Amino acid sequence: MEDAVAVVPGFMTGTCDHVGGCTMPGSRTSLEVSPIHFFGVYDGHGGSQVAKFCAERMHEVIAEEWDQEASDGFKWQQRWEAVMSSSFERADNEVLSEAAAPEIVGSTAVAVVLSGCQIIVSNCGDSRVVLCRGTETIPLTVDQKPDREDELLRIEEQDGKVINWNGARVFGVLAMSRAIGDRYLRPWIIPVPEITFTTRTDEDECLILASDGLWDVMSNNEVGEVARRVLRRRRRSSIDNELTAAQTLADSLIEIAVGRNSSDNISVIVVDLKSKKKQKRRDREEQFDIQ
């Protein structure tokens, strides 16, 4: 098992207007100190060391960088972009400085910071986040693949090569163009994240973070359809069940992926965005290892 996940409720605290993107600035609730939650999925390759390191350390680095990054002169989005970029670079440097892994080991990294008003996503690699909102399934990340037009251009401009070997791979080796670690493939593989901001709405159902063991065999829309069906059924059920709706959905997605013969490790985190009014914390994770 080379995947690792992190679920850290309340990894930071702050007022909504301090975090940024408050939908009701100046209101009483915008000035209340509230928990900010963190979720991360890390899909290791060449070994599990970098993925495990990121699961233990990335959220701590982000919190530290947020405290160090001055807000003066920054718009809130620019501040988060600076924090996420420096955090991913710092985590990558710490893997090297602490000799946490050999240079041939790396990992994807998709990190979600969830406040009362915003969903902030930072991504390196091909793990993925989607948002189920009403009847829509909205991708919050775009896979960084070597044959993606902009990534291919960047790699080739630095005299790198993308070779089709069971899919597009950098020098025929790595099937993604950005990651933490993988020092032996610098400067073509970089730890620079792509960052998105999404304002929360009352129509939001759930967030789904997963490694490519899920996405290899299920499309975004398929995952969204399953999510809506499972969540609707569980929320309407009068039967007392010790499993939350989020846990039930995570289990269902993994069962489907295994049934479709996914050949990779599968890690899924489901964040129930409807639970805010009913229950302060209803975040569940599930992992499955294909032997």
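The structure displayed is predicted, hence computed values, not measured ones. For this chain, numbers begin at 1 and follow the sequence in order.
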Please lay out, stage by stage, how Phe88 and Ile180 fare under the test side chain to side chain contact (heavy atoms under 4.5 Å, CB included).
CA-CA 7 Å; Phe88 275 51; Ile180 305 295; 4.0 Å; yes
Closest approach of [X] and [Y], non-hydrogen atoms and distance?
X      : Y      : result
Phe38  : Met58  : CZ-CG, 4.3 Å
His45  : Thr108 : CE1-N, 4.3 Å
Ser262 : Gly213 : OG-O, 2.6 Å
Ala227 : Ile208 : CB-CD1, 3.9 Å
Leu249 : Cys206 : CD2-SG, 4.1 Å
Arg200 : Gly116 : CD-O, 3.7 Å

Kindly indicate, with the supporting measurements, whether the criterion side chain to side chain donor-acceptor pair (under 3.5 Å) is fulfilled by Gln247 and Asp251.
CA-CA 6 Å; Gln247 182 69 65; Asp251 292 342; 3.1 Å; yes
From Arg154 atom CZ to Ile190 atom CD1, the distance as rounded to the nearest 0.5 Å
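CD1 of Ile190 is found 3.5 Å from CZ of Arg154.
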Supply the atom-to-atom distance Leu152 CG to Lys161 NZ, rounded to the nearest 0.5 angstrom.
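It is 13.0 Å, given to the nearest 0.5 Å.
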Compute whether any side-chain donor of one residue and acceptor of the other, for [X] and [Y], lie under 3.5 angstrom apart.
X     : Y      : answer
Thr15 : Glu32  : no
Asp3  : Ser267 : yes
Ser87 : Glu65  : no

In one Ile/Leu/Val/Met/Phe/Trp/Tyr side-chain cluster, 4.5 Å: Leu114, Val7:
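In one cluster with Leu114: Val7, yes.
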Would you kindly confirm whether Val130 and Val142 end up in one hydrophobic cluster when ILVMFWY residues are joined by side chain heavy atoms under 4.5 Å apart?
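They do not share one cluster, since no chain of ILVMFWY contacts under 4.5 Å joins Val130 to Val142.
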Under 3.5 Å: donor-acceptor pair, side chain of Asp272, backbone of Ala246
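Here the side-chain-to-backbone pair does not exist.
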More than 12 foreign heavy atoms under 6.0 Å from NZ of Lys145: is that the case here?
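Counting neighbours around NZ of Lys145, more than 12 heavy atoms of other residues, nucleotides or ligands fall under 6.0 Å, so yes.
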Exactly one of [options] should register a side-chain contact (heavy atoms from CB on, under 4.5 Å) with [X]. Which one does?
X      : options                : answer
Ile266 : Asp216, Val217, Ile254 : Ile254
Leu140 : Asn123, Val110, Leu207 : Leu207
Arg183 : Ile104, Val95, Asp92   : Asp92

Quick one: which of Gln144, Arg169, Glu151, Arg148 gives a side chain to side chain donor-acceptor pair (under 3.5 Å) with Ser177?
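Considering Gln144, Arg169, Glu151, Arg148, a side chain to side chain donor-acceptor pair (under 3.5 Å) with Ser177 is found only for Glu151.
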